[in-house]
Amino acid sequence: MNGDGEAAMPRGERPEGLLGLLAEDLRTVVERDPSVRSRREALLHPVLPALWLHRAAHLLHRRGRRLPARLLMVLARAITGVEIHPGAVLGRRVFVDHGAAVVIGETAVVGDDVTVYHQVTLGALGWWRDNLRPEGERRHPVIGSRVVLGVGATVLGPVHVGDDAVVGAQALVLADVPAGAHVCAPMATVSPRRPRPPVPSPDERRGSMDPDSTVLIVGATDETVRKAKELGLRVLLLQHPTKVTAEQEELADVLRVLDYTDWAAVEPVARSLREEPGFRVALSITEPGLENAGRINDLFGLDGTGYAVTRRLRDKLAMRRHLAGLDPSAVAAAPLARREDLDAFAAAHGYPFIVKPTDATASIGVLRVGGPEDAEQAWETVERLRGTRTDRVSTMYLLQDFLMEEYVEGPEFSVEAFSFAGRHVVVAITEKFGHHDSFAELGHAVPARLDEPEQDRIRASVGRFLDQIGLRDGVSHTEVRLAARGPVIIESHNRIAGDLIPELVRGAYGVDLTEYALGWPFRLVAELPDRPEAYAGACVRSLVSEPGRVESVEGGGDAAARDGVLDVRITAKPGDTVHAVRDNWDRLGLVAVVGPDTTAAIRRGAEVIEEAIRIRVAGEDGRTWFAHAAEAGSPAGVRA
């Protein structure tokens, strides 16, 4: 019985006519809203008029009476704040709770027993795409039965959300959701209160109304484009055909799809965009886009980092040669073109030494030649890798040229820095945890557990290196080994680090390096102090396993919801082959966390993996086991 003593209609029986549907809507409010206790009270539910007026408007719309149908829904919106196009199809017992700012588009279909919370949008991808669709093609989502759409959920385009799925609060859905799945937006994290650097006044900021507030970005993630727009910048985006996403299409003011690593393709597009609509600077914070962003700045005499500096950082042999001309004690290096080159380098500089690609990332192809017995195997590996992709995810690079360089003994750190017109600020020194048999990186932690004198030596070394290399502005990520003779630069990049290190910097220091990289050329961010202070510790832990095959992956969402977790990225999928760890791509996932200090964060990362994430791996002998957190001990010479 309902609150007024009337028997509820059985679920399988369809109400007769419009009045039957309206009565069922009324009963649904009584059944689903715990604050409503009777039909009379349900008549005052703030969303009921929107549903009832839509039922009537939809009938008019189907009969071709579009104008009166529209008028009814304009009235509904004025009364309730809910906007439902009369062409949208709503199933039975749809319950809209609170309802303010709900938007449901013309070709949307909503199934039976769906729950919709306030600020939900079932929308299209944009007129610039929809106007190109054939007449009558659906532009809006189809929502299955018994789906829950949480507060602020946004579902865009002709996607399908399966029965019994849950789309969590603030989630953005741009692809199909399987039946029963849960879609969760990133959880908020709580960081200690920290003072923020002073922000320039509105008069000092170059806002979106200034025609000079336009940036040409060469290659980008969704986050990069989103943050540029949040800063008020107009975005001209050059994106690779394999990297375009719906969010980039929606946010970029101008999108040009091309192989942005090919200067012959980029130059005419850059000239056209410079003429109209124009841009102030070209930049990239992703590895494949750096060199051509530099070429664009050189071509038009812009203030951004040019090609020569970028090439010194991208080409590790060019960097070694440049430093050798400035510092007699610089690490020795030479190109590797023939098998005999290995013996010649050993004769000149001794063993061990390193062989690696001149411009790869993620520890791909890095080899340690410990003695004459390793030389033949090293050469065979180099020959096998030449002409192959630099990783097993991206298609942007081929391994081509290799170099040899002296081996530097000592614990390794990375240095996340930002340069302000030649003033280099070391934002964070990052402790790195490596694999015992390879150069794979298995974890990172900030701030590094180093004594102040050691930190001072690293800061001075990196500042001197950036001056020598010629970098004056922007973000940099420099890898350093702390040798007996002092800090030694291994390599550097004028981009943000990978492996969630920017998330660690943001969690421990409150500094968003991506925001700084985008905002500094336009002076939209304030300069940082020489020594930013950490207010917490933060750590990335890797998931690894002995060789086998992935059977199942569970717990990523649970891990992401736990206290102190900044991000969870699981790369393993059922059916994947698990290799012995050779480089970064053999890891199965990453978990980034914050804690009261660095040691606590390292411990917390392992706890989250152990308690929440279940990546089951099967061996050839039939045994199964779970992936685990990679070891993250203190590097030699670093206090725990």
Ile354 versus Arg368: any side-chain heavy-atom pair under 4.5 Å? yes
Within 6.0 Å of CG in Asp303, more than 12 heavy atoms from elsewhere: no
Mind jotting down which residue pairs meet the side chain to side chain donor-acceptor pair (under 3.5 Å) criterion with at least one end in residues 466-476? Sequence neighbours excluded, please. His424-Asp467, Asp473-Trp520
Within the 3.5 Å criterion, strictly below it, is a donor on Glu416 or His477 matched to an acceptor on the partner's side chain? yes
Is there a side-chain contact between Arg569 and Glu503 in this structure, where contact means two heavy atoms from C-beta onward sitting under 4.5 Å apart? yes
Does a sphere of radius 6.0 Å around CD in Glu380 hold more than 12 heavy atoms from other residues, nucleotides or ligands, not counting ones at 6.0 Å or beyond? yes
Do Asp222 and Thr245 have a side chain donor and acceptor closer than 3.5 Å? yes
For Leu251 and Arg226 the tightest heavy-atom approach is CD1-CA, 3.8 Å
Determine, for Asp512 against Lys227, whether the closest basic-nitrogen to carboxylate-oxygen distance falls under 4.0 angstrom. yes
Do you know which two heavy atoms are closest between Ile501 and His444, and how far apart they sit? CD1-ND1, 3.7 Å
If we only count heavy atoms from C-beta on, is the Ile458 to Val426 side-chain gap below 4.5 Å? no
Main-chain N/O of Thr242 paired to His240 side chain as donor or acceptor, under 3.5 Å: yes
Would you call Ile296 and Trp263 a side-chain contact if the rule is heavy atoms closer than 4.5 Å? yes
Between Asn292 (side chain) and Arg295 (backbone), is there a donor-acceptor pair under 3.5 Å? no
Going by an N to O cut-off under 4.0 Å, is there a salt bridge joining Arg423 and Glu527? yes
Met404: side-chain contact (heavy atoms from CB on, under 4.5 Å) partners, not counting sequence neighbours: Ala334, Leu336, Asp341, Leu342, Phe345, Phe353, Val355
Find out whether Phe413 and Gln455 are in side-chain contact, i.e. whether some heavy atom of one side chain is under 4.5 Å from a heavy atom of the other. no
Should we count CG of Asp563 as having more than 12 external heavy atoms under 6.0 Å? no
N-O pairing of Arg562 and Glu607 below 4.0 Å: no
Min side-chain heavy-atom separation Arg449-Ile602 under 4.5 Å: yes
Please report the closest heavy-atom contact between Val369 and Ala378, naming both atoms and the distance. CG2-CB, 3.9 Å
Donor-acceptor contact below 3.5 Å, side chain Thr571 vs main chain Leu588: yes
Ion pair present between Lys432 and Asp499, side-chain N to carboxylate O less than 4.0 angstrom? no
Quick one: does any side-chain atom of Ser542 pair with a main-chain N or O of Leu442 as donor and acceptor, under 3.5 Å? yes
Between Ala629 and Arg541, the two heavy atoms sitting closest are CB-NH2, 4.0 Å
Give me the one residue out of Leu313, Thr310, Ile489 that meets side-chain contact (heavy atoms from CB on, under 4.5 Å) with Ile469. Leu313
With distance as the sole test, does Ser461 use its side chain to make a donor-acceptor pair with the main-chain N or O of Arg457 at under 3.5 Å? no
Between Ala572 and Val550, what is the shortest heavy-atom contact and its length? CB-CG2, 4.2 Å
Looking at Arg604 and Val594, what are the two nearest heavy atoms and their distance? CG-O, 4.4 Å
